[in-house]
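Counting begins at 1 with the first residue of the sequence. Note that the coordinates shown come from a computational prediction; the quantities given were computed from them, not determined experimentally.
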Amino acid sequence: QVQLVESGGGLVQGGDSLRLSCAASGRTFSSYAMGWFRQAPGKEREFVAAISRSGGRTYYAGSVKGRFTISRNNAKNTVYLQMNSLKPEDTAVYYCAADDSPGVSSAGSGYDYWGQGTQVTVSS
């Protein structure tokens, strides 16, 4: 089992950057593929980005590709989401999640453990 704690959210203006962090504790962090998801008010949770166990493969939603970068540091048990050129439509609660099944999934149902979320608000 793994516990996940997100941090780094906040209120920024359009065009600004933020870096989210997700610290993991518990079972060996490198045994999990990791993902970031987000949920805006009144909307369903959506996939943002995912990264393989080694960090060698990354995947992005079309809406964030080229602006967001997911990375991980297995020595620090942490996964990051660097968000650049933020837009008001990026406003949401951002969640990190861990998946201990083979492969890397973009479906929330594929993830076994979730953090509590961190709020990101982008003003226009």
Side-chain angles (χ1 to χ4, degrees):
Q1 194 167 359
V2 66
Q3 292 77 43
L4 304 172
V5 178
E6 303 96 335
S7 61
L11 171 62
V12 297
Q13 292 187 332
D16 286 352
S17 299
L18 273 177
R19 188 175 82 155
L20 305 183
S21 299
C22 174
S25 61
R27 213 180 106 190
T28 306
F29 178 66
S30 59
S31 66
Y32 296 95
M34 298 298 296
W36 284 97
F37 293 78
R38 67 187 182 187
Q39 187 166 20
K43 295 188 177 181
E44 293 187 354
R45 182 180 62 196
E46 66 173 355
F47 169 75
V48 175
I51 190 166
S52 62
R53 287 156 181 78
S54 68
R57 290 176 290 140
T58 57
Y59 305 87
Y60 297 94
S63 59
V64 306
K65 197 167 187 178
R67 299 189 297 124
F68 291 11
T69 302
I70 188 172
S71 61
R72 67 190 296 163
N73 185 328
N74 286 343
K76 294 186 176 181
N77 293 347
T78 303
V79 62
Y80 306 97
L81 185 68
Q82 177 67 43
M83 305 186 294
N84 298 331
S85 301
L86 283 161
K87 304 175 181 180
E89 51 263 44
D90 295 317
T91 295
V93 177
Y94 283 71
Y95 299 89
C96 72
D99 177 8
D100 65 4
S101 58
V104 182
S105 176
S106 62
S109 58
Y111 288 77
D112 305 284
Y113 306 100
W114 293 80
Q116 83 290 347
T118 186
Q119 177 71 47
V120 172
T121 303
V122 184
S123 64
S124 56

Worksheet item: Which value, rounded to the nearest 0.5 Å, describes the distance between L20 atom CG and T78 atom OG1?
Response: 12.5 Å
Fill in: Close side-chain approach of E89 to V122, heavy-atom, < 4.5 Å
no
Practice prompt. State the CZ-CG distance between F68 and L18, to the nearest 0.5 angstrom.
Written response: 9.0 Å
Worksheet item: For S85 and S17, which heavy atoms make the closest approach, and how far apart are they?
Response: N-OG, 4.3 Å
Worksheet item: Between E6 (side chain) and Q116 (backbone), is there a donor-acceptor pair under 3.5 Å?
Response: yes
Fill in: N74 side chain to R53 backbone, donor-acceptor under 3.5 Å
yes
Worksheet item: Within the distance-only criterion (no hydrogens, no angle test), does the side chain of R72 pair as donor or acceptor with the backbone N or O of A33 below 3.5 angstrom?
Response: no
Fill in: With sequence neighbours excluded, residues passing salt bridge (Lys or Arg N to Asp or Glu O under 4.0 Å) with R67
D90
Discussion item. Could you go through V120 and T91, starting from their C-alpha distance and side-chain angles, then the distance that decides it, and tell me whether this counts as side chain to side chain contact (heavy atoms under 4.5 Å, CB included)?
Written reply: CA-CA 5 Å; V120 172; T91 295; 5.9 Å; no
Fill in: Min side-chain heavy-atom separation S63-R38 under 4.5 Å
yes
Worksheet item: Between W114 and F37, how do the two ring planes meet: parallel, tilted or perpendicular, split at 30° and 60°?
Response: tilted
Fill in: Gap between atom OH of Y59 and atom OG of S52 - 0.5 Å precision
6.5 Å
Practice prompt. Indicate the atoms forming the closest heavy-atom contact of Y111 with G35, along with that distance.
Written response: CE2-N, 3.5 Å
Worksheet item: Do L86 and W36 belong to the same hydrophobic cluster, where Ile, Leu, Val, Met, Phe, Trp and Tyr are linked whenever their side-chain heavy atoms lie under 4.5 Å apart, directly or via other members?
Response: yes
Practice prompt. Search all heavy atoms of V79 against all heavy atoms of F29 and return the closest pair with its distance.
Written response: N-CZ, 3.9 Å
Discussion item. Could you see if L81 belongs to whatever hydrophobic cluster contains Y95? Use Ile, Leu, Val, Met, Phe, Trp, Tyr and a side-chain cutoff under 4.5 Å.
Written reply: no
Discussion item. Taking I70 as the starting point, is it possible to reach V2 by hopping between hydrophobic residues whose side chains are less than 4.5 Å apart?
Written reply: yes
Discussion item. Nearest 0.5 angstrom please: F47 CZ to Y60 OH, how far?
Written reply: 9.0 Å
Worksheet item: How about L4 and M34: do any of their side-chain heavy atoms sit closer than 4.5 Å?
Response: yes
Discussion item. Looking at S105 and A107, would you say the former's side chain and the latter's main chain have a donor-acceptor pair under 3.5 Å?
Written reply: yes
Worksheet item: SG/C22 to OH/Y94 distance, rounded to the nearest 0.5 angstrom?
Response: 15.0 Å
Discussion item. Between R57 and V104 (side chain of the first, backbone of the second, donor and acceptor by atom type, cut-off under 3.5 Å), is there such a pair?
Written reply: no
Discussion item. So which atom in Q39 and which in K43 form the shortest heavy-atom distance, rounded to 0.1 Å?
Written reply: NE2-O, 3.1 Å
Fill in: side chain to side chain contact (heavy atoms under 4.5 Å, CB included) between Y113 and D100, intermediate numbers included
CA-CA 9 Å; Y113 306 100; D100 65 4; 4.3 Å; yes
Worksheet entry | From T69 atom OG1 to Y80 atom OH, the distance as rounded to the nearest 0.5 Å | 14.0 Å
Worksheet entry | Side-chain touch D99/D112, heavy atoms, less than 4.5 angstrom | yes
